[in-house]
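Below is one structure, written out as structure tokens; the observations come after it.
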Amino acid sequence: MSAPVSLFSWRIRVYWEDTDAGGVVYHASYLRFLERARTEWLRAQGLEQTRVRAEQGVVFVVYGMNLRFRRPAALDDEIDATLRVVARKAAALEFAQTLVRVADAVTLVEATVRVACVSATDFRPVPIPRNLLTEPTIQP
């Protein structure tokens with residue numbers, strides 16, 4: 001099912017720990033930046049992942065990701081990590097995400113991320129509980 005699009009953005013600063021010996025962001029660090037945006041998107045909806053696990057018995061896991069690295073980021077860059085939900089299924093969400101350098105509005109990374117809702121005990125897919133993620137931008 002498709003969902004209307006609503007853009008969410010979370011600002012990130014590049015720290016020394018995010019870079020390689022050349023002073024540019026190490027490729028795996030971009031995955032952490034994308035994850036932070038998804039986590040903060042949930043928080044913005046009043047959903048903390050530890051509470052969702054404890055109260056609903058579910059967790060969200062990445063089961064697919066496509067990345068396109070367009071330009072490098074460097075130490076001290078500010079980056080806007082954006083996301084929008086582009087599809088919702090019974091037990092999954094698909095996000096379109098970007099990492100954009102603030103100083104010059106250059107897109108650094110484009111990503112499609114597929115996330116599944118799974119049982120916190122056996123990690124088998126389960127439907128997203130109806131009382132979660134009811135924001136109008138992601139209604140089925």
Can you tell me how far apart [atom1] ([X]) and [atom2] ([Y]) are? Round to the nearest 0.5 Å.
X      : Y     : atom1 : atom2 : answer
Leu108 : Arg71 : CG    : CZ    : 9.0 Å
Ile79  : Ser9  : CD1   : OG    : 11.5 Å
Met65  : Leu34 : CE    : CG    : 6.0 Å

Identify the two heavy atoms, one from [X] and one from [Y], that lie closest to each other, and give their separation to 0.1 Å.
X      : Y      : result
Cys117 : Ile128 : CB-CG1, 3.7 Å
Ala96  : Val86  : CB-CG1, 3.8 Å
Ala74  : Val25  : N-CG2, 4.2 Å
Gln56  : Pro129 : OE1-CB, 3.5 Å
Val118 : Val126 : C-CG2, 3.8 Å
Leu99  : Ala81  : CD2-CB, 3.5 Å

Would you please test Glu78 and Arg101 for salt bridge (Lys or Arg N to Asp or Glu O under 4.0 Å) and show each step?
CA-CA 6 Å; Glu78 281 187 301; Arg101 186 171 34 239; over 6 Å; no

Does the side chain of [X] reach to within under 4.5 Å of the side chain of [Y], using non-hydrogen atoms?
X      : Y      : value
Trp10  : Leu83  : no
Leu75  : Asp18  : no
Val61  : Val115 : no
Phe95  : Arg38  : yes
Val14  : Asp76  : no
Phe123 : Val59  : yes
Thr112 : Leu67  : no
Arg53  : Arg51  : no

Charged N to carboxylate O under 4.0 angstrom, Arg32 versus Glu35?
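Salt bridge between Arg32 and Glu35, a charged N being under 4.0 Å from a carboxylate O: no.
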
Main-chain N/O of Val109 paired with Thr107 side-chain donor or acceptor, under 3.5 Å
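Side chain of Thr107 to backbone of Val109, a donor-acceptor pair under 3.5 Å: no, none is there.
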
Glu48 and Leu42: side-chain contact (heavy atoms from CB on, under 4.5 Å), yes or no, with the steps?
CA-CA 7 Å; Glu48 293 180 8; Leu42 283 171; over 6 Å; no

Grouping I, L, V, M, F, W and Y whenever their side-chain heavy atoms are under 4.5 Å apart, do [X] and [Y] come out in a common cluster?
X      : Y      : result
Val52  : Val85  : yes
Phe69  : Val113 : yes
Val102 : Val24  : no

Distance-only side-chain donor-acceptor flag, Thr82 / Gln97, under 3.5 Å:
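Distance-only check fails for Thr82 and Gln97.
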
Do we see a donor-acceptor contact under 3.5 Å between the side chains of Thr39 and Arg36?
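On atom types as modelled, these side chains do not qualify, holding no pair under 3.5 Å.
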
Parallel, tilted or perpendicular: ring planes of Tyr30 versus Phe33, cut at 30 and 60 degrees:
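The rings of Tyr30 and Phe33 stand perpendicular, inter-plane angle above 60°.
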
